[in-house]
Structure formats: structure tokens, C-alpha cells
Amino acid sequence: MSEEKKSLNFIEQIIEDDLNNGMPKENLRFRFPPEPNGYLHIGHAASICLNFGLGLKYNAPVNLRFDDTNPAKEEQEYVDAIKKDIEWLGFEWDKELYSSDYFQQLYDWALDMIKAGKAYVDEQNSSDIAEQKGTPTTVGKNSPYRDRPIEENLALFEKMKSGELEEGSCVLRAKIDMSATNMYMRDPVMYRILNKSHHRTGNTWHIYPMYDWAHGESDYVEQISHSLCTLEFKHHRELYDWFLDQIYQPQLVRPKQREFARRNLSYTVMSKRKLLELVEEKFVAGWDDPRMPTISGLRRRGYTPSSIRKFSETAGISKRDNVTDIALLEFHIKNELNKSAPRVMAVLDPVKVIITNYPEGKEELLKAENNPEDDQAGYREVPFSREIYIEREDFREQANKKFFRLKLDKEVRLKNAYIIKANSVVKNEEGHITEIHCTYDEDSLSGSGTEASKRKVKGTIHWVASSHAVPAEVRLYDRLFLDEAPDSHKGKDFKEFINPNSLHINTKALVEPSLKTAEIGDRFQFQRLGYFNVDNDSTQNHLIFNKTVGLRDSWAKQEHKK
RNA sequence: UGACCCAUGGUGUAAUGGUAGCACUCCGGUUUUUGGUACCGUCAGUCAAGGUUCGAGUCCUUGUGGGUCAACCA
């Protein structure tokens, strides 16, 4: 059997190189380290798939570590949501850990650094410190407190810790190099005073470690071999390594930070700050609004875990800034749902059709195929009667040959049913069509095998029998932004590009009776319309569907071109 | 007037000095009781200029373009 040679992404290449250079395979360990200050989005999914995917590939453990070093922004709600999303995506973490688990260890190490003359307490305020930091093109200046005696540093740091000092009164800084070209090396802050209650440690601590001090050391405590993060942390690497130098014991695994490009998606934004803005300013209903690029939003929209994993896989990993076409995500969900979603009939904009030669009071149960892509899916029965509803846009009094649907004096096939011909229309005072009168060919029933049933008519349309039609609400979504990259315009707020028509709530839809028993989360193909799922808000008496994604619509495209 | 990173069709990626490939999108066609699916096909790319080499998308130099860095955020 010939094995297909799969190419490696640059991260996998680094790991292979490490393995070839003698790193034992058992040393491989990864982590996914979200800050619990917001919901996970499709960009995080890329990172999750990367880290957990590597875990699976190398049979290595992957920790879930909450980077909870800032009690001002972090909440339990987010911890719970993040865990739910990762599980839903289908991944299992080895250990659930928190940076706050290491507060004591971090503190002890900080003490060692002070004693070694590598850290000092700075009593200046933040703007003075910022000013002394210089700029990327000019060097910084040393703090007047930089050479404070060790004993004094120890005493002050103790005071910071015990809560005797006010927030902002002083910080602990690493003593590195105020003239470094890398701004992060200009005596970075290690600890700040925060008199806030922490979601896990309560009021135990009054000082909290900064990201740079906590992250690499946490990786080290957990013995993470490869610490993967996004490109904007590139410059932090030098500091990551410097902090590691202070505590590293050669017999242990030394974590390596490597950076990859974050995954951006067209027609949306992908930063927690901006997504939070959309939520707080009510542009959307919440983090799980189906228009949001969050995992929870996509879930509610009807996306499947595997479609998101496939997307991440095919989009790949690299180091270049990118905006991936949302069409790729949509391709994967359509591709999956085409194979798995049962077909049903639903009419979104109903107009009544009366089949004048069909006996009054008669009803038939017609056999309908559940999924032509799946032999196991079987058949269901749909009721048919003299009065039915069809889609208003599927009828025109007059139209050219390109219009394959119902028009006066022409025939069309009703899906799973008969061939009908339109004879006349009834209109109200405004000239609006209220009824279409048709006749049917009674020998043309789908699947009956008769000569008439095999007749070729160009169009086939969906319908719902009027007496059994079930009313439903259908929520139709369009992209949240009108611009491909709403946050890429200098001097313009991304919210200027919000699509005012991103949600259309349709309350007059009619669906076939088999959907009465549909449950929250169920996914269907509304034939000729698209894929829909049952929304969380849905109840037995009030069905609510979300449009996940439309079918490819070459008719609409052709119409649009005119 | 700095440092660092990046540059392959419209988009996302592969080619590890040796035939520029794959997927999405777009466009065209065949099949079709979903204008869906499936199938077939078309268009389309190595940022530029030098250099090294038998051979460069890949290595070197310079340039150009884009990104990142001056929170007591992560």
C-alpha cells in the first residue's frame, strides 16, 4: 500500500526537527491557553485544532490552561463557555489548569530574582514609567529606583503582597536593559497591585503577575515542549526566553515559543474586544448570536464541529497575515450537510394554489425520499390536497424560457407529487396575486411508474399542503458586515461597515407536518432553499428555524447579472 | 527615521535547490423529479532587480510592499 505523503506545516516541521535532534517523543506536550475574558471564536478554533491536532498526531497530552492573571476582566461564565466549546469541537484536554495555580510558585521565583539583583520595585506611576521607556526608535532611561538595595526591594515587595499599598503605587520590574531595541526588554513589569477578588484565588493575593512573567513560567511548570501562539507575540519571545533563563534547570524540558498567523475570516471581525463591543452595544443578541463568528454563534447557526475542524484543516497554518474567504467555511458545512441533512419542504413566502380538478376533500399521503445522498435515510409521507402553498417567487404570469418554474399555461412538477399547469390567477384590489388556479395530470404522480409520471418537465418546485401546513418562524441571516475586512480601514471604525439587514425574521413560513416533532439543534435541508436548524428559542407550539447557509443558487446568480 | 516578521492565481495553502500542485471562489458544460448534489472543463500565480548554481519560488544582496512593537491587558 502506498502511503500518501502529507506535507507538514511549519510547526510540524519544527517538531520533526526537534525529534530528529534527539528530543524524546514522550517529552512532547502542548497547551491551549485562553484568557477567560470572552467567548471563543473561529480564530481560536484554528489554534485549538492546531494544538489538539498535534496532541492526537503525536499521542501527546494537551493541557487546557486558563490564563487568568487579570482578575479585573475574567469571569467564571467565560471559563464554562470555553470548556463547553472545546468539548463540542470534539477535543479532550489532559489537565484543566489555571495560571493562578502557580501564583505561589511565581511569587517564590520573583523573590529569587530580587535576591539575585534581577528585579526591583519601582515606585513611579505608570505614565512616568511609560515615558522613561522611550520609543521604538529612541532608547529608554533607567528608573531612579533601579539600583535600590535588595533588602529594600524585598521589604517593599512584601508590602505589595500583603495589601498595605494602593493600586498603582508601585510595581515589580525585571532589571534587563532600558536601551534594548525590543521594547519588551526595557525592564518589563512583572507584578502590579490589584485589590480585586480573583475568580479562583479570592482575596488571597493583592499582587498579580503580568502575562510575560506568568506565561512562560507556567509552560515550564507544566513542562510544555512547544508553546504555540499568534504572531503578535513574536517580540515577546526574547523576554519569554529571558525569564526562562532565570529559573531553568537543564534536566527539565525547556519550552519553546513559536508563533503562527491568526486566522481571519472575510466579512467579519475576529478580536474579542470588537466582538464584545458588538454584544455590549447590541448590534447582536449575544455572544451566541448566529451571526457571530464565535464557536457558540456558529453552533447556534447550525454549523457542525466537524465542519469547523475541516475548515481549520484546509485553511492551514502559516506565518502570513491572511483573510480567509468565508466561502471556504460555507463549503465545508454545505458539503457535510448535503450528506447528512434530511430533506423537507418548507415555503417561506407562501401563495395559495388551488388544483381545480383535484377532488374536494380528498387527501393523499405521498412518499418522499428523505435524502438522495444517503441510501439509509429512507422515505417519509407527506400529505397532498386540493389546496397547497408554493413559493411566491416560483410563479410568474409571464416569463421567458429561462424561467423553469410555474407560469400561466405551462407545466411544472410538484416535488414528490404531480405535474400541474397554471390556468388563471385571482388578484386583490392592489393587483396582488392571492390564488393561482391550476389543473393537475392525475397520472403523473412521482414514482408511480406510469408513462405520464416519466414525462420531462423542466421545473420542479416545492410545496406544502394547506390543511397540514405548520406555521414557523424562520430567521434568515446575511453577513454581519458589508466589507470584506471591516477592521482594516485606517481611521474608520469597523462598526461603520455593519450590514443593517443582517437579520430578517420571517414569521409567515409554512413547513411540512413532519417537522412538528423537530427538536432543538436538528438540521434539515429545506429543499431548493438551503440548510436550516431548529433554534434554541424554538418550542413545540412555535417552531423557529435558523438558516445555516443557502444552497448554491445559479438561478439567483443569473437573475442578478441582469 | 530603529528592531523584528512576512511576501506563490481572486482567496487559503503545498512544493524542504530538480516537472509550480491542491482546495475554495469565479466562469462554461454534462447529468438531474432540488436551477441542489455529482462529474467534466476553462481562466488564473512565484513582489522587483541583481547574484550564487548545471539548475532558484526555495540560498545571498538590494529594493518595494504589508505587518508587529512605546497597557501596571493577554
Side-chain angles (χ1 to χ4, degrees), chain A residues 6-9 13 33-35 37 67-70 72-74 99 122 125-126 129-131 133-140 167-173 180-184 186 189-194 207-208 210-212 214-215 229 231-238 259 261 263 266 272-273 314-332 334-335 338-339 343 345 369 372-373 402-405 413-417 419 444 446-447 453-462 484 525-530 550-559:
Chain A
K6 269 198 95 181
S7 58
L8 304 176
N9 63 46
Q13 191 57 250
E35 183 189 10
N37 68 341
D67 218 342
D68 56 350
T69 56
N70 184 359
K73 297 202 298 186
E74 295 149 9
S99 297
D122 196 330
N125 62 40
S126 60
I129 291 178
E131 200 177 322
K133 218 158 215 173
T135 72
T137 52
T138 57
V139 298
E167 284 188 18
S169 60
C170 49
V171 292
L172 184 73
R173 289 227 261 169
T181 52
N182 183 344
M183 297 293 288
Y184 291 109
R186 322 244 263 224
V189 173
M190 293 172 66
Y191 278 97
R192 77 285 214 189
I193 300 169
L194 248 28
I207 53 172
Y208 290 91
M210 299 290 290
Y211 165 84
D212 287 295
H215 201 93
C229 61
L231 244 32
E232 63 267 30
F233 289 96
K234 176 72 188 174
H235 299 290
H236 293 249
R237 185 149 120 197
E238 193 180 354
E259 311 83 12
R263 181 65 45 198
S266 61
K272 276 192 210 168
R273 200 207 87 222
T314 51
I317 295 291
S318 72
K319 295 174 78 164
R320 0 184 335 208
D321 297 318
N322 60 78
V323 182
T324 303
D325 194 339
I326 185 130
L328 184 63
L329 218 209
E330 293 177 345
F331 164 76
H332 285 294
K334 287 187 218 177
N335 201 33
N338 177 49
K339 301 268 185 320
R343 273 57 170 171
M345 292 194 285
E369 190 176 22
E373 303 290 321
K402 291 271 184 67
F403 187 79
F404 300 161
R405 309 173 185 190
R413 156 78 61 188
L414 293 174
K415 181 76 186 170
N416 304 312
I419 294 171
S444 65
S446 292
S453 73
K454 292 176 190 160
R455 280 167 53 210
K456 297 281 175 201
V457 283
K458 190 61 192 168
T460 301
I461 62 174
H462 59 276
E484 244 181 65
Q525 185 197 89
F526 288 1
Q527 277 183 124
R528 303 209 304 134
L529 297 175
L551 261 22
R552 199 172 131 226
D553 190 348
S554 41
W555 165 246
K557 259 176 203 164
Q558 197 183 112
E559 284 283 286

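Note on naming: letters A, B, ... go to the chains in the order of the sequence lines (proteins, then strands), and numbering restarts at 1 for each one.
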Below 4.0 angstrom from OP1 or OP2 of [N], is there any side-chain N or O of [X]?
X      : N     : value
A/S554 : B/G36 : yes
A/K272 : B/C73 : no
A/R273 : B/C73 : no
A/T324 : B/C24 : no
A/K234 : B/C5  : no
A/K133 : B/C72 : yes
A/N37  : B/C73 : no
A/R263 : B/G12 : no

query = If we require ring centres under 5.5 Å and near-parallel planes under 30°, does A/Y211 stack on B/A74?
reply = no
ask   = Hey, is A/F331 stacking on B/A23? Ring centres under 5.5 Å, planes under 30°.
value = no
Using the [atom1] atom on both, measure [N] against [M] and round to a whole Å.
N     : M     : atom1 : result
B/U30 : B/C54 : C1'   : 48 Å
B/G55 : B/A20 : C1'   : 15 Å
B/U1  : B/A14 : P     : 38 Å
B/C26 : B/G36 : P     : 12 Å
B/C60 : B/G18 : P     : 16 Å
B/A74 : B/U16 : P     : 41 Å
B/U19 : B/A56 : P     : 12 Å
B/G41 : B/C6  : P     : 37 Å

request  = Could you check if a side-chain atom of A/D68 sits within less than 4.5 angstrom of a side-chain atom of A/N70, using non-hydrogen atoms only?
outcome  =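 Heavy-atom side-chain distance check fails, nothing below 4.5 Å.
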Please report, rounded to the nearest Å, how far the [atom2] atom of [N] is from the [atom1] atom of [X].
X      : N     : atom1 : atom2 : result
A/K557 : B/G28 : NZ    : C1'   : 13 Å
A/K334 : B/G35 : NZ    : C1'   : 14 Å
A/L231 : B/C5  : CG    : P     : 11 Å

Heavy atoms from C-beta onward define the side chain here; which of [options] lies closest to that of [X]?
X      : options             : result
A/A327 : B/A14, B/U25, B/U33 : B/U25
A/S318 : B/G35, B/U13, B/U33 : B/U13
A/F404 : B/C5, B/G35, B/C72  : B/G35
A/N9   : B/G12, B/A14, B/U16 : B/A14
A/R413 : B/U33, B/U13, B/C72 : B/U33
A/H235 : B/U13, B/C4, B/A74  : B/C4
A/K456 : B/G35, B/U34, B/U32 : B/U32
A/T135 : B/A70, B/C5, B/U1   : B/A70
A/Q527 : B/U34, B/C5, B/G35  : B/U34
A/P136 : B/U34, B/C5, B/C69  : B/C69

Both distances below 3.5 Å, Watson-Crick or wobble geometry, any strand: find the nucleotide opposite [N].
N     : value
B/G55 : none
B/A3  : B/U68
B/G9  : none
B/G63 : B/C47

inquiry  = How close do A/H332 and A/T314 get, counting heavy atoms only, and between which atoms?
reply    = NE2-OG1, 2.9 Å
Within the 3.5 Å criterion, strictly below it, is a donor on [X] or [Y] matched to an acceptor on the partner's side chain?
X      : Y      : answer
A/R455 : A/S444 : no
A/E238 : A/N182 : yes
A/N416 : A/S446 : no
A/Y184 : A/H235 : no

task = With RNA chain B as reference, determine whether A/K458 or A/R405 sits nearer its 5' end, using the nearest nucleotide of each.
result =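 Mapping each residue to its closest nucleotide by heavy atoms, the 5'-most match is A/K458.
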remark   = Whichever of A/E167 and A/K339 has the more 5' nearest nucleotide on RNA chain B, that residue is A/K339
key: Syn-anti status, with the boundary at 90° from 0, for the nucleotide B/A71   = syn
Ring center gap for A/F403 and A/W555 short of 6.0 angstrom =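 Here the rings of A/W555 and A/F403 have centres that are less than 6.0 Å from each other.
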Aromatic centroids of A/F233 and A/Y211 separated by under 6.0 Å = yes
Quick one: does [X] reach the base of [N] with a side-chain donor-acceptor pair under 3.5 Å?
X      : N     : answer
A/R552 : B/U37 : no
A/E373 : B/G36 : yes
A/E369 : B/U33 : no

List, with names and distances, any nitrogen or oxygen atoms from the protein found under 3.5 Å away from nitrogen or oxygen atoms belonging to nucleotides 41-48 of chain B.
none

message = By the 4.0 Å heavy-atom rule, please label A/Q13 as base, sugar-phosphate, or nothing.
response = base
